[in-house]
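The chains referred to below are lettered A, B, ... by the order of the sequence lines, with proteins before strands, and numbering in each begins at 1. Bear in mind that the values here come from a model prediction, so they are computed numbers and not experimental data.
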2 protein chains.
Amino acid sequence: MQANGRFTTAIHICIFMQIKGDEKLISSQVLADSVKTNPVVIRRIVARLRDNDIIGSVAGAKGGFFLKRPASQISLWDIYQAVRETDLFYKPKKINPECVVSMNLSELVDGVYSEAELAMKSALAPVKVSDLSARLNKITDLKKSDFC
Amino acid sequence: MQANGRFTTAIHICIFMQIKGDEKLISSQVLADSVKTNPVVIRRIVARLRDNDIIGSVAGAKGGFFLKRPASQISLWDIYQAVRETDLFYKPKKINPECVVSMNLSELVDGVYSEAELAMKSALAPVKVSDLSARLNKITDLKKSDFC
DNA sequence: CTTATTGTAACTCTTTTTGTTACAATAAAA
DNA sequence: TTTTATTGTAACAAAAAGAGTTACAATAAG
């Protein structure tokens, strides 16, 4: 899996919670079953979403998670920012002080890399969790009962 | 280093070759010194650029690499495509057949992920290796002699 | 022939990510 | 108040991806 496995899983979590978590707390175990992973992996991703005010949590028996905002106000860009660890592109740390190219490379690519990231933002920001849920509904004509 | 270390290094190589490799072959050893890595690492990246008609090579003594096209016709998008291994975003391989969200997630994110990639292309494609070299020239007022 | 170089395989080392175990903290419920 | 279900997190193991290294056949210049 790549650095962005978290991103796709976080989207999964948010869609799941919109559909299934309406007025109800969802546990990390239920999410883990849906995603086919370990509850701790879920809690780690949720921790990042919690830090970014996307998800809230309740401890103790019958505790769990809930969406902290309407799904229509959670964009894929919000999620991407919450769960990403490293920069989109790598900037070199080993610099050869005797080479003008090496010395200036970071500065040279800096502008373009920022542009690329902004471009990505412009693609991800307009898409909300609710848009994906709506499309899922359209695809599957789903009833709340008929999924895990 | 991340998955995209290759990308930045490949840009480094191309800029270096435009400035220093004018009418001259550049060896993997010289590039490795500039990048502060091993010649084999360079040859591996160059192999990808070669497969994409960005760089050509000559074997044997006094052999080396050369830009196969004018630097003004090599975009960062060309380089990105040449050296990238995995998709920009991860699509899940473990699918839970009992969960509608899991079952349809790939299809749900597919469109947005493509849009994000296209957005990135629109940022990277207009920038050519020659643009970066030109800016390097402006920054450093470089003479061919004064770098490694 | 000798030498310098690419191309590539095979392997190790390092870093990143994911998975797992364990347990304190918490709150519901009996 | 004890039991139970749950989050939060630390610590560690396993897996995957990358980068670095060694080795060597193939090639071409001199």
Would one find a side-chain N or O of A/R50 under 4.0 angstrom from OP1 or OP2 of D/dG8?
-> yes
Given the rule in the side-chain contact (heavy atoms from CB on, under 4.5 Å) test, do A/L88 and B/M120 qualify, once you have shown the distances and angles that lead to the verdict?
-> CA-CA 11 Å; A/L88 181 54; B/M120 226 181 61; 4.1 Å; yes
Protein-nucleotide distance (B/M17, atom CE; C/dT6, atom C1'), rounded to Å | 13 Å
Do any of residues 28-49 of chain A sit with a heavy atom less than 4.0 Å from DNA chain D, and if so which?
-> A/S28, A/V40, A/R43, A/R44
Residue A/K94, side-chain atoms from C-beta onward, closest of C/dT8, D/dG20, D/dG18 | D/dG20
Contacts of A/P70 meeting side chain to side chain contact (heavy atoms under 4.5 Å, CB included) (sequence neighbours excluded), chain-then-number -> A/S72, A/Q73
Any N/O pairs under 3.5 Å between the protein and nucleotides 26-29 of chain C? List them or say none.
residue	atom	partner	partner atom	Å
C/dT26	O2	A/G60	N	3.4

Euclidean distance, atom CD1 of residue B/I55 to atom P of C/dT6 [Å, nearest integer] | 12 Å
Inter-end axis angle, the helix from C/dC1-D/dG30 to C/dA30-D/dT1, with every axis fitted to five base pairs (rounded, 10 degrees) | 0°
To the nearest Å, how far apart are A/F66 CZ and D/dT7 C1'?
-> 13 Å
Between NZ of A/K93 and C1' of C/dT14 the distance, given in whole Å, is 15 Å
Contact list for residues 33-56 of chain B, test ring-ring contact (aromatic ring centres under 6.0 Å, His included), sequence neighbours left out | none
With sequence neighbours left out, what residues match A/A125 under side chain to side chain contact (heavy atoms under 4.5 Å, CB included)?
-> A/W77, A/K121
A/I26 CD1 to D/dT7 C1': how many Å, rounded?
-> 15 Å
Rounded to whole angstrom units, what separation is found between the CG atom of A/L25 and the P atom of D/dT7?
-> 9 Å
Hey, is the main chain of B/P126 close enough, under 3.5 Å, to the side chain of B/S75 for a donor-acceptor pair?
-> no
Atom CD of B/E85 and atom C1' of D/dA16: how far apart are they, to the nearest Å?
-> 12 Å
Does A/S106 have any side chain to side chain contact (heavy atoms under 4.5 Å, CB included) partners at least two apart in sequence or in another chain, and if so, which?
-> A/K91, A/P92
ILVMFWY clustering at 4.5 Å (side-chain atoms), partners of B/M103 | B/I95
B/S57 side-chain N/O to C/dG7 phosphate OP1/OP2 under 4.0 Å | yes
Kindly state each residue pair satisfying salt bridge (charged side-chain N to carboxylate O under 4.0 Å, His left out) with at least one member in residues 60-77 of chain B, sequence neighbours excluded.
-> B/D53-B/K68, B/R69-B/D78
Check side chain to side chain contact (heavy atoms under 4.5 Å, CB included) between B/V127 and all other residues, then give those that pass, not counting sequence neighbours.
-> A/V112, B/L76, B/D131, B/L132
N/O donor to acceptor pairs below 3.5 angstrom from side-chain atoms of residues 41-48 of chain B, sequence neighbours left out:
residue	atom	partner	partner atom	Å
B/R43	NH1	B/S28	OG	3.0
B/R48	NH1	B/V83	O	3.3
B/R48	NH1	B/E85	OE1	2.9
B/R48	NH2	B/E85	OE1	2.9

Who passes side-chain hydrogen bond (donor to acceptor under 3.5 Å, both in side chains) against A/D33, sequence neighbours left out?
-> A/Q29
